[in-house]
Structures are given as structure tokens and as C-alpha cells.
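Have a look at the structure below before the remarks.
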Amino acid sequence: MSALCQNKKTCLKFCTGISVYFSFVLIALHGMPGAQGVWPMPQKMSQTSEIYPLHVHRFIFQYANDSAAQPGCSVLDEAFRRYFALIFPGYSDGKAPWDSFALVVNVQSGECNGYPDENSKENYYLLVSDGQGILKAETVWGALRGLETFSQLVQQDDDEIYYINKTEIVDFPRFLFRGILLDTSRHFLPVPAIMETLDAMAYNKFNVFHWHIVDDPSFPYQSYSFPDLSDKGAYHRFTHVYTQTDVQKVIEYARLRGIRVLPEFDSPGHTLSWGNGQPDLLTPCYKGDVPSGTFGPVNPILNSTYEFMTRLLKEVSVVFPDSYIHLGGDEVSFTCWKSNPQIRAFMQQMGFGGDFSKLEAFYIENIVNITTALNKTSVLWQDVFDNREKIPNNTVLLVWRGTPPKYYSEMSRMTKAGYRVLLTAPWYLNHISYGQDWRAAYSVKPLNFTGTEEQKKLMIGGEVCMWGEYVDATNLMARLWPRASAAAERLWSDEEQTSSLSKAYDRLTDFRCRLVRRGIRAEPVYVGYCKHEYKGL
């Protein structure tokens, strides 16, 4: 094992007998600080001042002999290369001697070629002791979370010598769904910007990319069933679209980081861009007895509408492997429907009277039936529940409106009705304010609603929303990070252990510097600096 000679010319000896000399190295086996910036905080972590030096040419990731995953596992092979470069910036993984420091990874279930899903296990056990590391996980997805934690445990002293403290960690997520929403309709986000977000999500242990891919302003998704949707609905038919190749690239990039991709095709509202490429889909609005030339939500009374939506959603269910499809259902204006004489006649024929929420329910119930037939789980905004629409009990509802008293009341009513719930209301991070507004995101208590233990189990997680009215690739990363990191810890970590804002501040400041060093343009938490800014001076 390694030995450390403590004098002015510190001699770091490895068991091969190779000696490496450093002038006035300040490392001591008992006394180096631990990794204060591990984020999000693990469930259980013990650490001592005993350290093990690491060297770029004497470090290796390897599979345990009895691991279900072995060389050739795409998820972990790629992760080993990725994390080697993150731990040792500027270096790539290579062959190391047999006596190198090894992080030995043992996975119970291989599933290397599959996709993460709503039931994926992300728990792991990590031990760094006696000059080596052991990482155990049920699945490759848990192993990915453990690799991220290990990478954050590696520190560097003032003389740029890498070391890691003796550490033991038992960790698992508090909530199974921890998401980030990106809006790619209001401003088109190039694929590299999405991939950079996925990288940052992995560093924060987020596991769902909610892709709000289309909306009123533009339709950038290039459908192979309906190519006119993007040809006529995107900002530019060639430059501002996501081709099928782009979409698959994003899905695979996310998969290798243990991140699900949840597509959202919001309707019947938020669909103005759809109408450019799909005639008769939207409702013609009237001024008096004549059409005004404007259009409203999807026309819910035509058979052609449901034929179109069936084909589109069937395509989406094939392109996106996740079991969830987000169908929207929010902010539906009834003004255009009310103006249209054919709509009003249909309302009377169906016995809806003047209650247009019943017409909306009619549409949503038909769309949900389509996704059910495709063996997909529907995700909907809270408006659908608020309008008392009939939806299956396995539907997932997102709570996005109001102040804490209002969204807690909403969550209580939804879970009492038996629905699974996601919380987004306090994490609309497109809203900004001067000062340390991460504190508000961090102080959220997701389970602080009235309900039984069974109701609390139906609260399956939450997500940060980054709507795109004022956000594009130029300011996306700084707007998201490290503010989204506050939500990441709230959704992963034990709430009691992470209740102190002052303690979180120090750790978040350190973690923000780590993000910046990794190339993520995260904004400052407050006044200060990052040590790596002065590297090489």
C-alpha cells in the first residue's frame, strides 16, 4: 500500500517502489478535510481524516468478478471514461498497473442496453478504505449515482495533488421522479445545449428530462407521419427543428446518464403552431356570424382530430421509449369555442349546456384513451383535475399553480382521489429575483400537505421548470444552475439533514465551483471565488 514520508521533501511511495517528489506538499494522512461539497447530500455518510493519494496514471475503474455487468456494458463503460476525465481533467482513461487504486463496481442486475424507467432502482453503497474503493448497486442506474458521488469525493490540495478520504456511504433517492423541464418552442434550444443540461442533471442526480418540445410559438419536432407540422410550424424548417436523428441522439445521451426523456405534446391549448401544418385541426374563431380569421384550441368535435392525434401519439410512443407521455391539458381558453356556432351546436347535442369545461373533458378523455391503448401512462397538468375530468387512476398530475397553501391543498385533494402527484409550483426557475433566491427553492417541503401515509406515498417527486419566454442557449445554464441544484437536493436527500440554509450555502458554493470547473456556466451563489480560477498563475 502507499506510504507517506512527512518532511520538507515529501515522498509519496507506491507499492511498486516508484517515488514521486513534491516540494512542501501539505498532505498528511490524518488531517485533510473531507469532501464538503457532495451534492446532493447522501442519506448516510461517514468520513474520516484518513486519506489515500490518487494519481492519474495509477487509478482505474473495474468491474467486480461477480458483477452482473461486465466490460461491454454500454452504460458503465461510457461512465468510466466520462468520470475518469471529470476526476482528472485533461486526461483520458488508460490501462493502469495491477496495483493501482481501483474503484471496483459490482452491479446485481445488468440491464446495460435498456432504458431507465419509473421503477428504476438508484440506491448504492460506496466504501473507500484500505487504498481502494467498492461501489455496489442493484442496477447500472444506481451505479451511475454512486460514480457521481465518488467523483465529488475526490479532492485536490493546493499543490494540485489528488486525494480521497476514507468514506462509507449508503444512499438512495427520497423521491423516484426528479425532473427538469426545458421549453424548446418559445426559443429553440440547439441539441448541444440540451446535452449540456443533461450533463448538469447527472451531476445533480436528476433523472427525468421533461421535454416540452412544442407549443404555440413553434413546432420544432420533425414528425415522420406529419412532416408539414415542422415544415410550416417551426421557426425555420431546416435550422430550427429536431430531426429524428436529433431526438434519438438526445434519448441515448440521456440514457447513458440514467435520465428518462418525457415528451410533452400539449393540447388542446398551446397548439397554434400545429395549425400551420395540419388543416382543420384548430377551431375557427368567429366574430358574430362570420369567421374572424383567427384560430383557437384544437377542434374537439371532429373525428379527423382524433384520427390525427391517434397517429401522432402512436408515433411519439414509438420514438420515445419512456412509459410516460405528457398530454398537457392546461390553460385552455374557451373564448374561441364559445364563438363558434358548430361548437355550440355540438354542446347542445351532447347535453353539455353552456359548460365548456365538459367539452374540454370530452377531448381530454378521448386523448387519454389513445395513450392508454398505446400502453402509456398519461401525465397532465393540474387543470384537468381541477375541471373534474374523468381520467384513469394511474394518471400522473403536475401541480403548478399557486402559493404553498394552495398547492398543498391541491396535493391533498389529488392524493385523496388516488392520483400520483408531481410538484412543480415552487420550482418555476424561469422566474428570477435579485439575491439568493435558491434559498426559496431549497426551503420547499414537498410532503407538507395534509394526508395519510398512503397519500404521502402518492407524491412521487417534482421538477424544475424552465419556460422559454426569456431563455435561450445564451443564458440557459446560468439561469438554471446552481438554483436547480437546490431542488435537486430537496428531491434526493433527507429533509431533516438538509434543513440548514447556512450549512447548505457552504456546500452549494463549493458545488457550484465544481460545476464551473466541469464547464457548466453556473452563476455565483454570492460574493466569492473558486480556487481553480487561479490555476496556473
Side-chain angles (χ1 to χ4, degrees), residues 40 118-119 172-181 206-208 210 262 264 266 269 323-332 355 357-358 360-361 364-365 368 371-372 377-429 431 437 439-465 467 484 486-499 501:
E118 59 182 311
N119 298 312
F172 51 88
R174 184 185 182 195
F175 295 105
L176 295 179
F177 187 112
R178 306 174 309 281
I180 296 277
L181 177 149
F206 281 105
N207 68 345
V208 180
H210 176 172
L262 166 60
E264 180 180 359
D266 192 354
S323 60
Y324 286 8
I325 295 180
H326 198 309
L327 301 175
D330 63 314
E331 298 182 312
V332 181
D355 187 353
S357 67
K358 291 182 178 179
E360 180 187 3
I364 290 292
E365 289 162 20
V368 169
T371 56
T372 299
T377 297
S378 299
V379 184
L380 294 160
W381 297 107
Q382 73 176 72
D383 310 48
V384 172
F385 176 83
D386 294 343
N387 291 336
R388 302 179 300 279
E389 296 167 19
K390 296 178 182 178
I391 49 178
N393 280 339
N394 69 338
T395 303
V396 177
L397 299 170
L398 278 85
V399 178
W400 69 278
R401 291 180 183 271
T403 58
K406 290 184 178 179
Y407 64 68
Y408 285 140
S409 175
E410 184 84 358
M411 294 165 73
S412 181
R413 291 187 290 111
M414 286 177 173
T415 54
K416 188 174 182 179
Y419 293 107
R420 287 175 292 170
V421 171
L422 296 168
L423 179 61
T424 70
W427 293 314
Y428 268 46
L429 296 190
H431 297 161
D437 57 352
R439 297 162 67 94
Y442 194 79
S443 299
V444 175
K445 296 184 177 181
L447 293 179
N448 205 30
F449 61 92
T450 302
T452 65
E453 286 303 309
E454 290 304 310
Q455 283 180 253
K456 300 297 176 79
K457 291 177 183 178
L458 292 173
M459 164 57 186
I460 61 174
E463 66 177 32
V464 167
C465 292
W467 298 101
E489 183 151 285
R490 186 54 56 236
L491 291 168
W492 179 281
S493 306
D494 178 81
E495 191 171 292
E496 291 186 10
Q497 294 183 57
T498 56
S499 59
L501 284 167

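For reference, positions follow the sequence shown, starting with 1.
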Return the orientation label for the Tyr428 and Trp467 ring planes: parallel under 30°, perpendicular over 60°, tilted otherwise.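 Taking Trp467 first and then Tyr428, their aromatic rings sit tilted (interplane angle of 30° to 60°).
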Nearest heavy-atom pair of [X] and [Y]: which atoms, and what distance?
X	Y	answer
Ala487	Val464	CB-CG2, 3.5 Å
Glu389	Ala361	CG-CB, 3.2 Å
Val444	Arg490	O-CD, 2.9 Å
Asp386	Arg413	OD1-NH2, 4.1 Å
Gly329	Trp381	N-CD1, 4.4 Å
Tyr419	Pro392	CE2-O, 3.1 Å

Please determine whether side chain to side chain contact (heavy atoms under 4.5 Å, CB included) holds for the pair Arg420 and Asn394, giving the CA-CA distance in whole Å, both sets of side-chain angles, and the decisive distance to 0.1 Å. CA-CA 7 Å; Arg420 287 175 292 170; Asn394 69 338; 4.0 Å; yes
With rounding to the nearest 0.5 Å, note down the distance linking [atom1] in [X] to [atom2] in [Y].
X	Y	atom1	atom2	answer
Leu429	Cys465	CG	SG	8.5 Å
Thr415	Met459	OG1	CE	10.0 Å
Arg174	Asp494	CZ	CG	7.5 Å
Leu181	Trp427	CG	CH2	14.0 Å
Leu491	Leu176	CG	CG	11.0 Å
Thr424	Tyr407	OG1	OH	10.0 Å

Could you walk me through whether Leu447 and Phe175 satisfy the side chain to side chain contact (heavy atoms under 4.5 Å, CB included) test, starting with their C-alpha distance in whole Å, then the side-chain angles of each, then the deciding distance to 0.1 Å, before giving a yes or no? CA-CA 11 Å; Leu447 293 179; Phe175 295 105; 3.9 Å; yes
Does any N or O in the side chain of [X] come within less than 3.5 Å of the main-chain N or O of [Y], such that one atom is a donor and the other an acceptor?
X	Y	value
Gln382	Trp400	yes
Thr371	Val368	yes
Ser409	Lys406	no
Gln455	Thr452	yes

Scan Leu397, Leu458, Thr395 and name whichever one has a side-chain contact (heavy atoms from CB on, under 4.5 Å) with Met414. Leu397
Step by step, work out the side chain to side chain contact (heavy atoms under 4.5 Å, CB included) result for Asp383 and Arg401. CA-CA 9 Å; Asp383 310 48; Arg401 291 180 183 271; 2.9 Å; yes
Is there a side-chain contact between [X] and [Y], using heavy atoms and a 4.5 Å cut-off?
X	Y	result
Phe449	Val421	no
Pro404	Lys445	no
Val396	Glu118	no
Ile364	Leu327	no

Between Thr450 and Ser412, is there a side-chain donor-acceptor contact under 3.5 Å, judged purely by atom types and distance?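 Result is no, nothing qualifies.
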Check this for me: Lys456, atom NZ, are more than 12 non-hydrogen atoms of other residues, nucleotides or ligands nearer than 6.0 Å?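 Counting other residues, nucleotides and ligands, NZ of Lys456 exceeds 12 neighbours.
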Let me see the working for His326 and Leu398 under side chain to side chain contact (heavy atoms under 4.5 Å, CB included), right down to the final yes or no. CA-CA 10 Å; His326 198 309; Leu398 278 85; 3.7 Å; yes
Does Lys457 come within less than 4.0 Å of Glu454, counting only side-chain N to carboxylate O?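 Yes.
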